[in-house]
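One structure is given below, encoded as structure tokens.
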Amino acid sequence: MSWKKLSSKIIYKNKWFYVSEDQTLNSQNKPTTYSTFTITDDIVYVAAVDQDKKVHLVEQYRYPIQENSWELVAGHTDNDEPVEAAKRELLEEAGIEAANYTKLGRYYIDKGLSGSGYTLYLATELSKVTDELDQEDGIIQTKKFTEDEINTMVANNTLKDAHTIAALYVVFEHLRKGEDNE
């Protein structure tokens, strides 16, 4: 049985997301309050993979955790088509353009708190076009990593971003299947 929404009100809103408080009847038909957050526009994640199967990650300062974080390129679509946003974000955050973009899937950010999600793209046939990175977003550097290096970073807790880790799993599985088909 699904839940029934009786009413909803936005209790906080900014340009990136809003928080709603819903009065609902849960699956046992009992009244409950359920709070959710919704991202105001879609998000894209971009795995830029070079001809040597190395993945470009960006090191970015993240204010909420007060530390630097290695991550895939990611950002809001700003109401652009997702693939166009992926191209823009890859250029802004990593200074890279790609000849090919492959949509690998759509994933939820946190199904228990939000219906918002992101689209994951694999970007290949890369060209470095600028060394200028998006300083406003706290981008410090970009660097290429092998799958083994990334696995080590996850194991030693150097790579901590859950969405990047999950997305990289999808990317590496996609690359393995692609190699099997050749």
Side-chain angles (χ1 to χ4, degrees), residues 14-17 39-110 116-179:
N14 65 29
K15 74 178 193 174
W16 297 285
F17 69 92
I39 295 176
T40 55
D41 61 358
D42 202 14
I43 293 177
V44 293
Y45 273 68
V46 184
V49 180
D50 69 14
Q51 70 277 4
D52 296 324
K53 304 278 191 261
K54 290 185 177 182
V55 179
H56 291 257
L57 297 180
V58 294
E59 185 180 21
Q60 185 170 5
Y61 180 76
R62 291 299 191 178
Y63 175 79
I65 62 172
Q66 297 288 303
E67 61 184 59
N68 295 346
S69 175
W70 284 104
E71 304 172 11
L72 286 173
V73 166
H76 288 259
T77 61
D78 297 334
N79 296 312
D80 288 336
E81 289 297 317
V83 72
E84 294 304 315
K87 291 175 183 179
R88 181 190 68 240
E89 291 296 328
L90 185 58
L91 182 59
E92 288 176 0
E93 292 190 6
I96 296 171
E97 289 181 345
N100 292 313
Y101 285 83
T102 303
K103 180 179 174 180
L104 298 182
R106 176 132 178 93
Y107 303 93
Y108 291 104
I109 291 172
D110 186 335
S116 297
Y118 63 91
T119 304
L120 172 61
Y121 287 94
L122 170 64
T124 56
E125 296 187 38
L126 309 177
S127 300
K128 184 77 169 172
V129 294
T130 183
D131 289 325
E132 291 191 33
L133 306 176
D134 191 348
Q135 299 298 314
E136 188 175 321
D137 277 347
I139 305 292
I140 298 163
Q141 66 173 323
T142 181
K143 189 175 174 186
K144 298 186 289 186
F145 296 92
T146 65
E147 182 177 4
D148 286 343
E149 290 170 327
I150 287 170
N151 289 336
T152 298
M153 292 169 71
V154 172
N156 70 19
N157 205 29
T158 303
L159 182 71
K160 302 176 188 181
D161 182 66
H163 295 292
T164 293
I165 294 167
L168 286 169
Y169 172 82
V170 172
V171 167
F172 291 132
E173 285 301 306
H174 175 84
L175 292 174
R176 271 192 278 286
K177 287 179 182 175
E179 289 174 355

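For the atom pair CD of Glu71 and OG1 of Thr142, the computed distance is 12.0 Å after rounding to the nearest 0.5 Å. Taken to the nearest 0.5 Å, the CG atom of Asp41 stands 4.0 Å off from the OG1 atom of Thr77. Rounding to the nearest 0.5 Å places CG of Leu133 at 10.0 Å from CG of Leu91. In this structure, the separation between CG on Asn79 and OG1 on Thr40 is 7.5 Å, given to the nearest 0.5 Å. From Ile140, atom CD1 reaches atom CD of Glu59 across 4.5 Å, with rounding to the nearest 0.5 Å. Here Asp131 contributes atom CG and Gln141 contributes atom CD; the two are 12.0 Å apart, rounded to the nearest 0.5 Å.
The environment of Tyr61 atom OH is dense: over 12 non-hydrogen atoms of other residues, nucleotides or ligands sit within 6.0 angstrom.
Legend: residues meeting salt bridge (charged side-chain N to carboxylate O under 4.0 Å, His left out) with Lys87, ordered by chain and number and at least two apart, are Glu84. Listed by chain and number, the residues in a side chain to side chain contact (heavy atoms under 4.5 Å, CB included) with Asn100 are Thr124, Glu125 (sequence neighbours excluded). Taking Tyr118 as the reference, Tyr45, Tyr107, His163 meet the ring pair (Phe, Tyr, Trp, His ring centres under 6.0 Å) condition, with sequence neighbours excluded. In this structure Glu67 satisfies the salt bridge (charged side-chain N to carboxylate O under 4.0 Å, His left out) test together with Lys160, sequence neighbours excluded. For Arg88, the side chain to side chain contact (heavy atoms under 4.5 Å, CB included) test picks out Asp78, Asp80, Ala85, Glu92, with sequence neighbours left out. Listed by chain and number, the residues in a side-chain hydrogen bond (donor to acceptor under 3.5 Å, both in side chains) with Gln51 amount to none (sequence neighbours excluded).
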Exercise. Could you please spell out the steps behind the side chain to side chain contact (heavy atoms under 4.5 Å, CB included) verdict for Glu147 and Arg176?
Key: CA-CA 11 Å; Glu147 182 177 4; Arg176 271 192 278 286; 2.9 Å; yes

Exercise. Please step through salt bridge (Lys or Arg N to Asp or Glu O under 4.0 Å) for the pair Asp42 and Arg106, ending with a clear verdict.
Key: CA-CA 10 Å; Asp42 202 14; Arg106 176 132 178 93; 2.8 Å; yes

Practice problem: Dump the intermediate steps for side chain to side chain contact (heavy atoms under 4.5 Å, CB included) on Leu168 and Leu159, then the final yes or no. | Solution: CA-CA 11 Å; Leu168 286 169; Leu159 182 71; 4.1 Å; yes

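Partner of Val73 under the side chain to side chain contact (heavy atoms under 4.5 Å, CB included) criterion, out of Thr164, Val46, Ile139, Leu57: Val46 alone.
Checked for salt-bridge contact, Lys143 and Glu149 miss the test: no charged N lies under 4.0 Å from a carboxylate O.
Of the possible donor and acceptor atoms, none in the side chain of Lys144 sits under 3.5 Å from a partner among the backbone N and O of Val49. Between the side chain of Thr130 and the backbone N or O of Glu132, at least one donor-acceptor pair lies under 3.5 Å. Put simply, the side chain of Thr119 never gets that close to the backbone of Pro82: no donor and acceptor are under 3.5 Å apart. Remark: the backbone N or O of Leu90 is not paired with any side-chain donor or acceptor of Glu93 at under 3.5 angstrom. No donor-acceptor distance shorter than 3.5 angstrom exists from the side chain of Asp52 to the backbone of Lys54, with no hydrogens or angles considered.
Contact between Leu126 and Ala98 at its shortest, heavy atoms only, is CD2-CB, 3.7 Å. Contact record, Leu72 with His56: CD2-O, 4.2 Å, taken as the closest heavy-atom pair. A pairwise comparison of heavy atoms in Asp161 and Ser69 identifies CB-OG, 4.2 Å as the closest pair.
Counted by atom type alone, Thr146 and Asp148 present zero donor-acceptor pairs between their side chains at under 3.5 Å.
Side-chain contact between Val55 and Phe172: present, with at least one pair of heavy atoms (C-beta onward) separated by less than 4.5 Å.
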